[in-house]
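Each remark here refers to the structure printed beneath this line.
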Amino acid sequence: MKKILITRRLLRSCEEKAEKTFKANLNLNDELYSQKKLIELSEGCDGLLSSLTDKLDTETISKLPESIKIISNFAVGFGNIDLEAAKKRDIAVTNTPEVLTDATAEIGVLLILGACRRASEGIASAREGGWKWSADYLIGKQLTGARLGILGMGRIGQKIAKIAKSLGMVIHYHNRSKLSGDKEQGAIYHNNLKDLLSVSDVLSICCPASKETVDMINKDTIEYLPKGAVVTNVARGDIVDDEAMIDALERRKIYAVGLDVYKNEPNLNPGYLKHKSAFILPHLGSATKDTRTAMANLAIDNIDEFFNTGNCKNKVN
Ligand code: NAP
């Protein structure tokens with residue numbers, strides 16, 4: 001039986017599945033392992049089932065024991081893993097696509113609604129009590145007819161587009177490559193970021209974190225957005241330059257932000273906390289029981305498939 005290290009707790013039913021499939025080392029205290037501890041605990045293991053909280057950089061990967069042949073990430077994103085370093089060590093890296101698309105798109109739409117309709121301020125006022133209804137009280141931005149720019153129209157972006165369209169939004173998108181008509185579903189393609197941003201009343205960031213996308217939304221690119229645009233990010237914090245975004249909120253260049261992800265989670269830039277117009281969530285994208293179960297089961301199946309066949313359909317390196 002292959003031996004694996006599971007770096008974070010999974011839902012109990014998934015841990016049981018892992019224990020039936022492998023000799024599984026569980027992290028019962030759900031401790032955030034240091035890189036040193038993760039390397040030590042990997043000793044004698046054939047694979048790792050990692051989470052996005054594990055920073056598997058070049059140095060950590062170079063120090064993993066020779067026996068490690070696969071890193072199965074419990075996420076669709078894999079910005080926490082240096083893919084090249086893993087490839088050099090002949091370690092396969094896999095992810096969990098598809099199964100979290102719907103749940104994450106739901107949060108993506110919640111960010112759009114929450115930021116546009118001033119949900120943070122509304123919740124605070126409702127809890128505080130004493131608010132007084134008036135014709136101009138907490139007036140927000142209506143979605144009907146607004147242009148939604150999707151940066152990264154992949155699985156999650158397409159699902160957000162579908163829901164947003166039903167709310168009456170007009171969909172624009174930018175990817176490096178144009179989608180086929182059936183995937184576009186009437187959305188308007190822009191072959192560069194500037195053109196997308198210039199028509200985005202609301203921006204939904206849905207592309208992966210990569211060397212190309214780090215700080216893609218920065219001091220210069222924010223200026224391409226219309227004045228009073230709303231920016232939402234359901235993908236990864238690395239894509240946004242926080243200082244530039246907070247400055248844009250202060251200048252009212254940006255009307256509101258809706259964020260689920262941050263640089264340096266869970267310590268988000270305190271500048272966001274000062275802004276009532278920041279609708280912020282603690283990385284809830286895939287957080288439903290069905291989805292977390294499906295993700296963990298897929299991460300386990302990826303390891304099983306890899307050891308049974310020497311390959312895996314969800315291999316990303
Ligand atoms: P996906 O299907 O691979 O879609 C990614 C899209 O981004 C593709 O359309 C891709 O198109 C585009 N893209 C990639 N690099 C780009 C670049 N440099 N410039 C412009 N567009 C680019 O991935 P997904 O399943 O939708 O997931 C997207 C991301 O969401 C994940 O990587 C993850 O980080 C994040 N996520 C967050 C949560 C959460 O909890 N908040 C949950 C799940 C996923 P091209 O290749 O044609 O450019």
Side-chain angles (χ1 to χ4, degrees), residues 8 50-54 73-81 83 93-112 114-115 149-164 171-180 182-185 187 189-197 200 203-218 221 224 231-240 257-263 265-266 268 279-288 290-292 294-296 298-299 313-317:
R8 297 293 306 272
S50 59
S51 284
L52 51 86
T53 50
D54 300 308
N73 212 33
F74 175 54
V76 67
F78 37 82
N80 57 312
I81 304 174
L83 294 187
V93 177
T94 62
N95 70 344
T96 61
E98 315 282 353
V99 293
L100 43 54
T101 299
D102 290 354
T104 308
E106 286 172 8
I107 291 291
V109 173
L110 179 60
L111 296 178
I112 294 170
I150 297 191
L151 172 56
M153 182 86 140
R155 290 170 288 244
I156 295 167
Q158 286 168 41
K159 184 68 195 253
I160 291 175
K162 197 171 169 190
I163 303 169
I171 316 299
H172 294 253
Y173 77 98
H174 167 60
N175 275 352
R176 289 163 303 181
S177 27
K178 190 176 184 308
L179 296 173
S180 58
D182 60 322
K183 287 190 170 163
E184 262 183 354
Q185 298 204 25
Y189 178 64
H190 299 271
N191 67 7
N192 64 80
L193 180 67
K194 183 178 181 185
D195 286 358
L196 175 76
L197 296 184
S200 298
L203 178 71
S204 175
I205 302 171
C206 301
C207 62
S210 67
K211 282 177 190 138
E212 270 178 61
T213 63
V214 167
D215 287 339
M216 202 173 206
I217 303 303
N218 57 38
T221 57
Y224 301 144
V231 174
T232 67
N233 186 2
V234 75
R236 284 291 180 266
D238 289 332
I239 301 160
V240 176
V257 292
L259 307 173
D260 187 43
V261 287
Y262 310 87
K263 280 198 174 79
E265 289 178 16
L268 64 157
F279 178 70
I280 53 175
L281 298 175
H283 204 144
L284 295 183
S286 63
T288 71
D290 286 351
T291 294
R292 288 280 162 83
M295 285 166 69
L298 183 54
K313 65 176 181 308
N314 293 321
K315 186 166 175 284
V316 291
N317 67 338

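Start at 1 and go down the list; that is how both ligands and their atoms are numbered.
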Any non-hydrogen atom of [X] lying under 4.0 Å from ligand 1?
X: Ala235; answer: yes
X: Asp260; answer: yes
X: Ser286; answer: yes

Looking only at protein heavy atoms, which one is nearest to [atom], and how far off is it?
atom: atom 46 (O) of ligand 1; value: Arg176 NH2, 2.8 Å
atom: atom 30 (O) of ligand 1; value: Ile156 CD1, 3.7 Å
atom: atom 10 (C) of ligand 1; value: Asn175 OD1, 3.9 Å

### Lys183 atom NZ: more than 12 heavy-atom contacts under 6.0 Å
no
Counting heavy atoms only, which part of [X] comes closer than 4.0 Å to ligand 1: side chain, backbone, both or neither?
X: Ile107; answer: neither
X: Thr104; answer: side chain
X: Val76; answer: side chain
X: Met153; answer: backbone
X: Cys206; answer: backbone

### Query
Looking just at side-chain N and O atoms, do Ser51 and Asp54 make a donor-acceptor pair shorter than 3.5 Å?
no
May I ask you to list the atoms of ligand 1 that are less than 4.0 angstrom from any heavy atom of [X]?
X: Val261; answer: 41 (N)
X: Thr213; answer: 17 (C), 18 (N)
X: Leu100; answer: 43 (C)
X: Met216; answer: 19 (N)

### Task
Would you mind finding which of Leu179, Val234, Leu259 brings a heavy atom closest to atom 37 (C) of ligand 1?
Val234
#### Entry: side chain to side chain contact (heavy atoms under 4.5 Å, CB included) between Leu284 and Asp260, worked out
CA-CA 7 Å; Leu284 295 183; Asp260 187 43; 3.9 Å; yes
### His190 and its side chain to side chain donor-acceptor pair (under 3.5 Å) partner, picked from His172, His174, Lys178
His172
